[in-house]
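Worksheet: the structure to be examined is printed underneath.
In the text below, chain A, chain B and the rest are named by the order of the sequence lines, each starting its count at 1.
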Amino acid sequence: MQLFIQTVIDGISTGAIIALVAVGLSLVFRISRFVNVAHVDLATIGAYVTLLFASSLATPFPLAALIGIAAVAATGFGAYKLVYRRLRSERAITLIIASVGVSFFLRYLVTFIWSSNQQAFDLPLLRAYRFAGFRISPYDLMIILATLAVFAALHITLRYTAFGRSLRAVSDNPSLARVAGVASERVVSLMWLIGAGLAGLGGILLGIKAVLTPYLGWQLLLPAFAAVILGGVGSVTGTLAGALIIGIVGELAAIYWLPTYRVAAVFAMIVLVLLIRPQGLFGAKAVAK
Amino acid sequence: MGISRRDLLQRSAGLGALLATTAGGLRISVAQEAEEIRFGTLCPITRAGSIFGPGAQKAMEFAAADVNELGGLLGGRKIRLYSEDSQSDPDAGVRAAKKLIEVNQVQTVLGTWSSGVTMAVAPIVMESKVVNMNFSGTTDLRDMKKDEWIWPVAGSNLAYGEMMGTYAIQQGYKNASFMAFNNPSGLTLGEEFKRVFEAAGGTCNVIVYNPNQPSYRAELTKALSTNPEVIALGSYLPDTTIILKEWYALGEPTKWIGPIWAVSPALVDAVGAEAAEGIVSIGAVPNFDSPAYAAFKERYEKATGQPVLANPFSAMGYDMVVTCALAIEAAKSAVAEEFRKKIRAVASPPGKKVYTIKEALDAIRAGEEIDYEGVGGNMNFDETGEAKPYFGYWIAENGKLDFKGPVKG
């Protein structure tokens, strides 16, 4: 039982990072109706820009992280203005392929500037906190708390603010929203900024936990995409639930089955869930065109 | 067009004459160079292997210069080196090997590094009847039918697994875990470690994990679940970094052993002095017992400014050129098809142990059977055609990886 609960705790911290990266993917899908593959590479950019400021320019780490997030938000917004907005009347598949292109561009830009050798943030390693026989590392705790804060803020924003109402209106029925006087372009732009910024935050937290390579974010694409589908496409709460379930199931499979079957167990579970609820755990029906 | 027929005729005649002279010139130069023996080198000068390649190539140049200074081979023929860069990449390696073989018409392609490059170049050199010596460790090279064309000298994953197991046993450990990256390298290392460790009476729990994960905590929990005195690694740098960081956070005491490519100075930099303290690295080292080693060390370090221990491939590169040169003298032929059959004879027992090129050449010319002992290893090729290097160990202390001494098998 001890091992089981510990494994669940470990799974939550892995799931929290997946959730941070996945929620942007989900938001973009909700409003622009395509899977932005380059979203995970924005996470990589966030980690590397933070590294640049924290290590080379000796900025305090939290400030460097904020600069990193701002830079990623700008990059994501730039990609929207330069690429995706021009293609918005095309079919979803065109946009997905364009995003694969953006993804390659970002990844090789990182490789070109920083090389493919691994880098690491210069942060002290900390021992885990212990309570009642369980342990959790301070960084994992920070990741879980940051994720909870982000999701709480997102939930409140979407449900109780004018921006949230406009966003829901634009995503539910773009033409009706326009007719009703919603400044849809402004809403969509803001949403891209937020989504990309969250990817940056996810990348930075992952960089603290793991190591920085140009493939940092790319390795999260499948888990993040799976979390979006499992939770229900477009649902913020669903994405959080989906990501946490994926983190926990993967960790449990590695402990009680075989580490090499982590991914297989996760996907078997997703298939099972989708057989019963094709729209995902929290999803509404028919979101994709 | 304003060119009359007469113009055209004149120009053609001129061109013909020019071609004739050039062809004549070419023939003359080819005839002169036929006296030279053409060796190709294909080290990783750029990208992943660039910390090793330039040094290895430098050492090969030393060897060629040494042979030439002693008057060359086969009654005065000098060795001429043609060097290309594999870029640590199979695709670039294949292109460079083709250039060496087709344009420079070399008899050897020496110094391919990384198994990917060697496996890609292997069929080309065999088909072109050229000798390859390499710094690659995949067991595929052991198992393939290479008919004395391909010679690995830097130790296979089997050799690394064996030496890590031997070291662990010598430390008195009885209970180990092995964390293996799920690819042929990690699996072979793990199997061989377990075999050696259990043959000496220990128990070993092997955990295989998949690459590119944000966390290896479940794997680590499994590895620690048997309370091992030591965890050995068949891993690469990024996964090792993450595993060590997570282990440090857990605060569970255990020792660590890994191969030099994972447990490197870069790992110590990435995880910091405290988490790295005491971790042991096992890697190939030069032949400290060779009387020729001290001179090689001095010469190499002066030429490159790099400690010879940071690049065991340099000394092995020197041995590659020397071994081929001795085989040429013994075979009385500079054609790879002929001298490849003498490579094993001049480098492996039986025979009189020789340590320098002069000693070796004198003995061969006197008709003696020799066993060349290199500066990089003993160059004794086993039945599969592979030479096992010597091994040493490093321990991380105060944020630095310190060389401690040889591991004796």
Can a donor-acceptor pair be found, under 3.5 Å and without considering hydrogens, that links the side chain of B:Trp247 to the backbone of B:Glu252? yes

Give a yes or no on whether the backbone of B:Asn227 and the side-chain of B:Asn175 come within a donor-acceptor separation of less than 3.5 Å. yes

Part of A:Ala120 within contact of chain B (heavy atom distance under 4.5 Å): side chain

Top contributor to chain A contacts, counting heavy-atom pairs under 4.5 Å, from B:Pro238, B:Pro214, B:Gly251, B:Ala270: B:Pro238

Taking every heavy-atom pair that is under 4.5 Å apart, which of A:Leu212, A:Thr7, A:Asp140 has the most such pairs with chain B? A:Asp140

Which answer fits B:Ile207, side chain, backbone, both or neither, if we ask what part of it has an atom under 4.5 Å from a heavy atom of chain A? side chain

Need one label for A:Leu206: side chain, backbone, both or neither, based on atoms under 4.5 Å from any heavy atom in chain B. side chain

At a 4.5 Å cut-off on heavy atoms, which part of A:Gln118 comes close to chain B: side chain, backbone, both, or neither? side chain

What residue in B:Gln213, B:Glu246, B:Lys245, B:Arg47 has the most heavy-atom pairs under 4.5 Å with chain A? B:Lys245

Honestly, is A:Arg127 close enough over B:Tyr248, meaning NZ or CZ under 6.0 Å from the six-membered ring centre and within 45° of the axis? yes

Ignoring hydrogens and geometry beyond distance, is a side-chain donor-acceptor pair present between B:Asp85 and B:Thr46 at under 3.5 Å? yes

Hey, is B:Lys222 close enough to B:Glu219 for a salt bridge, meaning N to O under 4.0 Å? no

Does B:Gln306 reach the main-chain N or O of B:Gly55 with its side chain, forming a donor-acceptor pair under 3.5 Å? no

Heavy-atom donor-acceptor pair, B:Ser281 side chain to B:Val263 backbone, under 3.5 Å: yes

Can you tell which part of A:Leu252 gets under 4.5 Å to a heavy atom of chain B, answering side chain, backbone, both or neither? neither

Checking heavy atoms, do the side chain of B:Asn182, its backbone, both or neither come under 4.5 Å from chain A? side chain

Counting only heavy atoms closer than 4.5 Å, note whether A:Ile208 contacts chain B via side chain, backbone, both or neither. backbone

